[in-house]
2 protein chains.
Amino acid sequence: MDTIDRPSGRAPRVTAAMVAQRAGVSTATVSLVANGKTRGRVSEDNISRVREAISELGYVVDGIGSSLAKGVSSIVILVAPDISNPFFAKVIAGVRETLGADYQLLLSVTDAGEFPHAEDVRKLMALRPAGLLVDAPNAGFLEELSAAGPLVLLDAPGLEAYAASVNLDVAHGARELAAHLADSGHTRAAYVDSVTGTATFDVRRNAFLEEAKARGISVPPDCIISTTIDVGAAAEAFALAWPQWQRSGVTAVVCGTDTHAYGVLQEARVAGVLIPQELAVAGFDDLPYSATSNPGLTSVHLPAMPLGRKAGQQLRGLMAGLELEEPHVTLDSSLVVRGSTG
Amino acid sequence: MDTIDRPSGRAPRVTAAMVAQRAGVSTATVSLVANGKTRGRVSEDNISRVREAISELGYVVDGIGSSLAKGVSSIVILVAPDISNPFFAKVIAGVRETLGADYQLLLSVTDAGEFPHAEDVRKLMALRPAGLLVDAPNAGFLEELSAAGPLVLLDAPGLEAYAASVNLDVAHGARELAAHLADSGHTRAAYVDSVTGTATFDVRRNAFLEEAKARGISVPPDCIISTTIDVGAAAEAFALAWPQWQRSGVTAVVCGTDTHAYGVLQEARVAGVLIPQELAVAGFDDLPYSATSNPGLTSVHLPAMPLGRKAGQQLRGLMAGLELEEPHVTLDSSLVVRGSTG
DNA sequence: CTGAAAGCGCTTACAG
DNA sequence: CTGAAAGCGCTTACAG
């Protein structure tokens, strides 16, 4: 039985006042009922009256009015430099899962790899978000943020001083990878880095280089290049560098992301470089396609969904006004060996 | 010269009243200046006074207060059933590009392939969005939406009656694909569909089946299966179906998305099925990885970024109160042939 | 050109 | 347990 009048297409906005009138109570009571704050404040009788009126009229608390009165909205802003990464889609899924229907996820996207600046941040804050999630930030951005309100950083190694964080132990996987290559007999490797000045990429590179060195794998400075996170760009850069690398005895290439690695694989096929016989290739992220490529891509697996889930969970805690028991969490990474490294 | 006092971490909210006082004008004037509505309404003198005060105090118009007064927010909601698809990341990038900094993009995500229902929609509308973008909807969802305000549909073939739309001519690519397979000598094919009841998948399948039939390729009912848009799920389903298909003489598999096709490629490698000698494989979307896989995946290319761009552009028109010159736009698709089909 | 005032829809002390 | 009232920060007729 639909009792809503909808004469000509657009339904009129139903307000708390309309509900109040129908239920024969004040708007204050409507607000209490609609927000479930009735405990010891509203009579059973009025509760059911209001509930009935609410469902009859199809009333929904107006987000804007509510936000203004409360001083905060139900929006959670997720700032991220690269949503084109499939890895990131899983992080979002994880966030959504723990945030549930109480909060709306607003995605702040800029151009690939770029972070918003002071003015953009102010505009975002003008939405009075309930909380902020920042993925793979750099220190400069966090300085500008001058953190107002609940804030959780994702994948922000070394930036623990700024806010609560959920990190990935990429260094562990990077070391495993170096060990794996050393065990396979490699003694000279190259590294394809990401150009974005994001902390996680520094950690990946440094951990790999350090462990490689310790294991007798040399990575000369001219064997380290960087490109944007793009298959084509990586392919091009590799094409340019390979002749040189080959001459200097490079037998393995490690890439900052699987996306870079796909570019290397692609170009290697074009150039007739045998993978893994002539060249071993590995990446970070373990994107879904890495299991599918031919050969499969050896990669450092990062738990994307758990990352999003945990970050959402921590943020919920902060938004509820809690003191986090464990403000800094680190999730494991581990190497997945596939055909691209023999 | 930073004149903002920030005694202990959290900056106090700067309001229009504070700016007004500093500039020696009323809040009405501040509002006019902040919104650029000064033409013939504010003296040059006051304009510069207010501008100065604004920048001195770092004032930003509060989104919530503004939205409440205006009756509409600056939020554009993008509803989509599957953001884990890299295709979708590009659509978002296109939308962002045309929407610019004036609007905030709110991503409404549900579980993969699911659409929000009545209640969720109401909650979204409670944010008073300036506009709505709905990707790959089904009719049921649009019925529930009872469209209030500017709305543009993306990739919603056959749903033109509901709202302005930007569509992809997937049928054209699908027919090209059927022709290509027929030309390659295939006479029996299988189809791996998506389980989501999304119109575009129906169009893809139907256009392919029709053209295949016309070209002498038979696709028996038991050679049509469907799975979620997931590499693993597709691989599993293919593993189960392949022995049967092989016996019945299937030499080509067309997949509703490249993601499905990756699953088929993966399982084929495991099962030792030679691609393309024993089995030709093709998909839709032309994801970045399709150029990289080995063999490369033949796929119907869909212009993701232009799709997002055009949709954003149309929505801007509607939000500006314009009548769209061309409310229904269709973008081209075309087949990209790679190694997976020989 | 300018400002006082009403109003957007809600929430929350407050007084009863 | 209940409601009148103030207030959140802004925008927009309105009167001047």
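Letters go in sequence order (proteins before strands), and every chain restarts at 1.
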(message) Pick the closest DNA chain C nucleotide for T27(B) and for T15(A) by heavy atoms, then say which residue is nearer the 5' end.
(response) T27(B)

(request) Mind listing the closest non-hydrogen atom pair of G312(B) and T98(B) along with its distance? (result) CA-OG1, 3.3 Å

(message) The criterion is side-chain contact (heavy atoms from CB on, under 4.5 Å); which residues satisfy it with A93(B), sequence neighbours excluded?
(response) M305(B)

(message) List the residues meeting side-chain contact (heavy atoms from CB on, under 4.5 Å) with E160(B), not counting sequence neighbours, and say none if there are none.
(response) S165(B), N167(B), H328(B)

(message) Suppose the criterion is side-chain hydrogen bond (donor to acceptor under 3.5 Å, both in side chains): which pairs have a residue in residues 41-51 of chain A, not counting sequence neighbours?
(response) D45(A)-R49(A)

(message) Once salt bridge (Lys or Arg N to Asp or Glu O under 4.0 Å) is applied, what residue pairs with a partner in residues 24-34 of chain A remain, sequence neighbours excluded?
(response) none

(request) Both distances under 3.5 Å, Watson-Crick or G-U wobble: on that basis, could you give the dot-bracket string for DNA chain D, with [ ] for crossing pairs and | for other-strand partners? (result) |||.||||||||.|||

(request) Please list, chain by chain and in numerical order, all residues satisfying side chain to side chain donor-acceptor pair (under 3.5 Å) with S26(B), sequence neighbours excluded. (result) T29(B)

(message) Does anything in residues 63-73 of chain B form a side-chain hydrogen bond (donor to acceptor under 3.5 Å, both in side chains)? List the pairs, not counting sequence neighbours.
(response) none

(message) If you take any heavy atom closer than 4.0 Å to DNA chain D, which residues from residues 29-53 of chain B end up in contact?
(response) S31(B), N35(B), K37(B)

(request) Would you kindly compare S66(B) and A28(A) by the position of their nearest DNA chain D nucleotide and give the one closer to the 5′ end? (result) A28(A)

(message) For residues 97-107 of chain B, which residue pairs pass the salt bridge (Lys or Arg N to Asp or Glu O under 4.0 Å) check, not counting sequence neighbours?
(response) E97(B)-R309(B), D102(B)-R316(B)

(message) Among residues at least two apart in sequence or on other chains, which ones pass side-chain contact (heavy atoms from CB on, under 4.5 Å) with A304(A)?
(response) F87(A), K90(A), V91(A)

Per-pair distances, 0.1 Å, donor-acceptor, side chain in residues 319-327 of chain B, under 3.5 Å, sequence neighbours excluded:
none

(message) Quick check for you: name the first and last nucleotides of DNA chain C, 5' to 3', having an atom under 4.0 Å from a heavy atom of chain A.
(response) dG9(C) to dT12(C)

